[in-house]
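Below is one structure, written out as structure tokens, with a few remarks after it.
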Amino acid sequence: DSGVTQTPKHLITATGQRVTLRCSPRSGDLSVYWYQQSLDQGLQFLIQYYNGEERAKGNILERFSAQQFPDLHSELNLSSLELGDSALYFCASSGVQGTENNEQFFGPGTRLTVL
Amino acid sequence: GQSLEQPSEVTAVEGAIVQINCTYQTSGFYGLSWYQQHDGGAPTFLSYNALDGLEETGRFSSFLSRSDSYGYLLLQELQMKDSASYFCAVRDGASGTYKYIFGTGTRLKVLA
């Protein structure tokens with residue numbers, strides 16, 4: 001158990017809908033990262049927040065947005081969903097903004113299925 | 001653009017040694033990391049190299065050559081539980097900011 005929690009574990013929705021994925025980092029971790037992993041694909045970095053502020057941005061679609069709240073939990077909002085958005089979404093956390101050894105602790109993921 | 005290349009699949013027998021290579025192309029470079037991911041599981045951190053040379057952690061070692069933009073993960077005394085996907089990753093520091101780039105992963109199959 002990494003100490004990172006994600007809810008829900010599974011999410012099934014229809015095209016055009018909007019969903020919110022939630023992540024709670026490890027206790028004391030200030031950085032939260034979001035990744036997308038499609039079937040048999042690598043991890044695509046979406047975005048990083050550090051202590052409530054956006055710190056790094058990857059290939060995140062304009063339909064997607066994220067935020068980190070004062071209690072450090074984070075939410076990833078996906079809107080106007082398309083079939084291709086079906087994937088496993090991971091949240092990870094680390095102690096500081098880009099740790100000395102780049103170690104990130106990953107949550108169990110949320111599996112999103114868009115029908 | 002930024003990219004990481006690693007073999008898609010490697011097969012080895014229990015007790016053997018296997019090396020998983022990773023070559024990268026980035027605009028900036030802040031170290032090479034390795035993660036393990038079992039089917040249906042979350043990635044877990046294995047190692048990190050910021051400087052050239054070999055880092056050893058138990059049965060796993062990782063090597064980096066920045067001049068060659070190349071690194072590898074060495075797994076010794078393979079066990080069945082090592083069957084998993086292995087990803088190399090870099091923090092690319094282009095343009096004064098950075099983002100994390102993962103390779104497409106190497107699926108390791110350990111045979112009895």
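In what follows, chains are A, B, ... by sequence order, proteins preceding strands, each numbered from 1. Note that these values count all heavy atoms, side chains included, but never hydrogens, waters or copies made by symmetry.
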Greater than 12 external heavy atoms within 6.0 Å of [X]'s [atom1]:
X       : atom1 : value
A:Glu62 : CD    : no
B:Gln79 : CD    : yes
B:Glu77 : CD    : no
A:Asn51 : CG    : yes
A:Arg26 : CZ    : yes

Could you check whether any side-chain heavy atom of B:Gln37 comes within less than 4.5 Å of a side-chain heavy atom of A:Phe106, counting everything from C-beta outward?
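Counting from C-beta outward, B:Gln37 and A:Phe106 never come under 4.5 Å.
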Between A:Pro108 and B:Ala42 the two heavy atoms that sit nearest each other are CA-CB, 4.3 Å
The residue among A:Tyr35, A:Phe45, A:Tyr33 that forms ring-ring contact (aromatic ring centres under 6.0 Å, His included) with B:Phe102 is A:Tyr35
Could you grab the distance from atom OG1 of B:Thr104 to atom CG of A:Leu43, nearest 0.5 Å is fine?
11.0 Å
So, does B:Tyr35 use its side chain to make a donor-acceptor pair with the main chain of A:Gln104 at under 3.5 Å?
yes
